[in-house]
Colleague: 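Input: one structure, supplied below.
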Amino acid sequence: MRVVEVIRFGGPEVLVPGSAPDPVAGPGQVVVDVAVASLTFVETQIRRGVDEWHERPRLPYVPGGLVAGQVGAVGDGVDREWLGRRVLAELGDTGGFAEKALAEADELFPVPDGLGLPEAAALFSDGSTAQGLVEGAAIGPGDQVLVEAAAGGVGSLLVQLAREAGARVVGAARGDRKLGVLRELGADAVVDYSAPNWAEQVLEATGGKGPDVVFDGVGGQIGRAAFGVTARGGRFSVHGASSGSATEISAEEARQRGVEVLGIEQLFDFGPHQRRWAEQMMAKAAAGTLRPLIGQTFPLERAAEAHAAVENRTAVGKTLILT
């Protein structure tokens, strides 16, 4: 079967097309005929060897931790009812950039009728994360919400969920293309955080008060600036570090500002709820009340280009690999 391997740690060029034997399902396992492989920013950092949260894979390795497709074979002890079913499969951190993937039957997630495999792949991780963040921040009608990296996979869903909750949304992103996407998603105001006065623009967009809720997916100087304009009594929710470092706010600083900080460690508690949140998000998508933003897709042999697009911030929404 065709695969793409990481042959050494480094830039996107270390992703090289190759071949590997077809996997064979052992006890409790299935083989998924992969149609779609998901891609996250974190996976680009694992490839570079700089991610702090995951153990380095042993080289060479096939990247990709989440795939969507049909079950093509089952091992001993697995219900044959799975054969031919459309599923999502969590693989861990590796194995997805391939025509076939070996998965534990316990890690399968049935894709609901009425939802395409690309949409399901775009929603499973990003959708459950967005739903969890919104629940944690307790958004209510009339809240003013700032979403950083709002044209990304998680951010675009946060914009829609906040609007659904009755909030007024300020979407922050970089560049005219992404700001246009945010307007299409329903953001009430947009700001470009490459502008030196972007934080002042956020204050202006919120009537001088500042946002009641901030979803910080960027960190670094962007995250610090966003915390600086968060309204007293507001919530500052950290979920990403695409700048290279997550925003850290001391308890004393939060107390002085009167802001509740939900640090990036909140993500560690999301695991037990992921499937429930994913089901909720996929039901909304199947009903047409929410849509995942799939900005670009790449064939398997162009996986290096996909990684580059995510890493250099030219990607909009979710990036997927199609086999």
Colleague: Applying side-chain contact (heavy atoms from CB on, under 4.5 Å), name anything that partners A205, two or more places apart in sequence or on another chain.
Modeller: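 For A205 the side-chain contact (heavy atoms from CB on, under 4.5 Å) partners, ignoring immediate neighbours, are V170, A189.
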
Colleague: Determine, using the 4.5 Å side-chain heavy-atom cutoff (strictly less than), whether V31 and V111 are members of one ILVMFWY cluster.
Modeller: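 Shared cluster, no.
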
Colleague: With side chain to side chain contact (heavy atoms under 4.5 Å, CB included) as the test, pick out the partner of D216 among I249, I264, T247.
Modeller: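 So the option named by the test is T247.
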
Colleague: Does anything in residues 132-156 pair up under ring-ring contact (aromatic ring centres under 6.0 Å, His included), and if so which pairs, sequence neighbours excluded?
Modeller: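 Sorted result for residues 132-156: empty, none.
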
Colleague: Going by the angle between their ring planes, with limits at 30° and 60°, are Y61 and F9 parallel, tilted or perpendicular?
Modeller: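 If you compare the ring of Y61 with that of F9, the planes turn out tilted.
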
Colleague: Just verifying a value: how many Å separate S242 OG and E148 CD, rounded to the nearest 0.5 Å?
Modeller: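 The distance works out to 8.0 Å.
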
Colleague: Answer yes or no: is there a side-chain heavy-atom contact under 4.5 Å between V259 and E253?
Modeller: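 V259 does not reach E253 side chain to side chain.
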
Colleague: Using atom types as modelled and distance alone, determine if a side-chain donor or acceptor of R47 lies under 3.5 Å from a backbone N or O of V14.
Modeller: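 Such a contact is absent between R47 side chain and V14 backbone.
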
Colleague: Return yes if some donor-acceptor pair links the side-chain N/O of T230 with the main-chain N/O of A226 below 3.5 Å, else return no.
Modeller: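 Yes, because the side chain of T230 sits within donor-acceptor range (under 3.5 Å) of the backbone of A226.
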
Colleague: What is the minimum heavy-atom distance between A303 and I321, and which atoms define it?
Modeller: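 Between these two residues, the closest heavy atoms are CA-CD1, 4.0 Å.
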
Colleague: How long is the straight-line distance from CD of E81 back to CG of L83, given to the nearest 0.5 Å?
Modeller: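 Rounded to the nearest 0.5 Å, the CG-CD separation comes out at 9.0 Å.
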
Colleague: Nearest 0.5 Å, please: how far is CD in Q70 from CZ in R85?
Modeller: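 Answer rounded to 0.5 Å: 11.5 Å.
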
Colleague: From D212 CG over to Q144 CD, what is the distance, rounded to the nearest 0.5 angstrom?
Modeller: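 Taking CG in D212 and CD in Q144, the distance rounds to 6.0 Å.
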
Colleague: Restricting to pairs with a member in residues 199-230, which pass ring-ring contact (aromatic ring centres under 6.0 Å, His included), not counting sequence neighbours?
Modeller: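 Qualifying pairs, neighbours excluded: F227-F236.
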
Colleague: Check this for me, if you would: do R255 and E252 make a salt bridge, where the nitrogen-to-carboxylate-oxygen distance has to be below 4.0 angstrom?
Modeller: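 E252 and R255: salt-bridged.
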
Colleague: Which residue in the set Q274, H273, E279 passes side chain to side chain donor-acceptor pair (under 3.5 Å) when paired with R276?
Modeller: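 Exactly one pass, corresponding to H273.
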
Colleague: With no hydrogens and no angle check, is any side-chain donor or acceptor of R2 less than 3.5 Å from a backbone partner on T323?
Modeller: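 Such a contact is found between R2 side chain and T323 backbone.
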
Colleague: Kindly determine whether S125 and T40 satisfy side-chain contact (heavy atoms from CB on, under 4.5 Å), including the steps that lead there.
Modeller: CA-CA 9 Å; S125 296; T40 67; 5.6 Å; no

Colleague: I need the full list of side-chain hydrogen bond (donor to acceptor under 3.5 Å, both in side chains) pairs touching residues 156-174, with sequence neighbours left out, sorted by first then second residue.
Modeller: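 Sorted result for residues 156-174: R163-D188, E164-K284.
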
Colleague: Quick one: does any side-chain atom of Q266 pair with a main-chain N or O of V238 as donor and acceptor, under 3.5 Å?
Modeller: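 It does hold such a pair.
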
Colleague: When you look at CD of E204, are more than 12 heavy atoms from neighbouring residues, nucleotides or ligands closer to it than 6.0 Å?
Modeller: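 It does not: E204 CD has 12 such atoms or fewer within range.
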
Colleague: Is a side-chain donor or acceptor of R224 paired with a backbone partner of E248 at a separation under 3.5 angstrom?
Modeller: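 Yes, because the side chain of R224 sits within donor-acceptor range (under 3.5 Å) of the backbone of E248.
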
Colleague: Strictly below 4.0 Å, N to O, side chains only: are R235 and D143 in salt-bridge contact?
Modeller: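 Counted as a salt bridge, because a side-chain N and a carboxylate O are separated by less than 4.0 Å.
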
Colleague: Donor-acceptor check, side chain of D93 to backbone of G65, threshold 3.5 angstrom: yes or no?
Modeller: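 No, D93 side chain to G65 backbone: no donor-acceptor pair under 3.5 Å.
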
Colleague: Which residues satisfy the side-chain contact (heavy atoms from CB on, under 4.5 Å) test with E104, sequence neighbours excluded?
Modeller: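 Testing E104 for side-chain contact (heavy atoms from CB on, under 4.5 Å), a comparison that skips the adjacent residues, returns Q29, E107.
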
Colleague: Name all residues meeting the ring pair (Phe, Tyr, Trp, His ring centres under 6.0 Å) criterion together with F109; count only those two or more places apart in sequence or in a different chain, and write none if there are none.
Modeller: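 F109: ring pair (Phe, Tyr, Trp, His ring centres under 6.0 Å) contacts with F124.
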
Colleague: Is it the case that more than 12 heavy atoms not belonging to D113 sit under 6.0 Å from its CG atom?
Modeller: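 No - once you tally the heavy atoms of other residues, nucleotides and ligands closer than 6.0 Å, there are 12 at most.
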
Colleague: Would you indicate whether D176, at its atom CG, is surrounded by more than 12 heavy atoms from other residues, nucleotides or ligands within a distance under 6.0 Å?
Modeller: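 Open: at most 12 neighbouring heavy atoms sit under 6.0 Å from CG of D176.
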
Colleague: Roughly how far apart are E305 CD and Q296 CD, rounded to 0.5 Å?
Modeller: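 Output value for this atom pair is 11.5 Å.
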
Colleague: Check whether more than 12 heavy atoms from other residues, nucleotides or ligands sit under 6.0 Å from atom CD of E301, and answer yes or no.
Modeller: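 Result for CD/E301: enclosed.
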
Colleague: Would a distance-only check, ignoring hydrogens and angles, find a side-chain to backbone donor-acceptor pair under 3.5 Å from K318 to L39?
Modeller: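 Yes, because the side chain of K318 sits within donor-acceptor range (under 3.5 Å) of the backbone of L39.
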
Colleague: Using 0.5 Å steps for rounding, measure from the OG1 atom of T94 to the CZ atom of R58.
Modeller: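 CZ of R58 is found 12.5 Å from OG1 of T94.
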
Colleague: List the steps, then state whether side-chain contact (heavy atoms from CB on, under 4.5 Å) holds for S38 with E43.
Modeller: CA-CA 10 Å; S38 181; E43 289 173 317; 5.6 Å; no

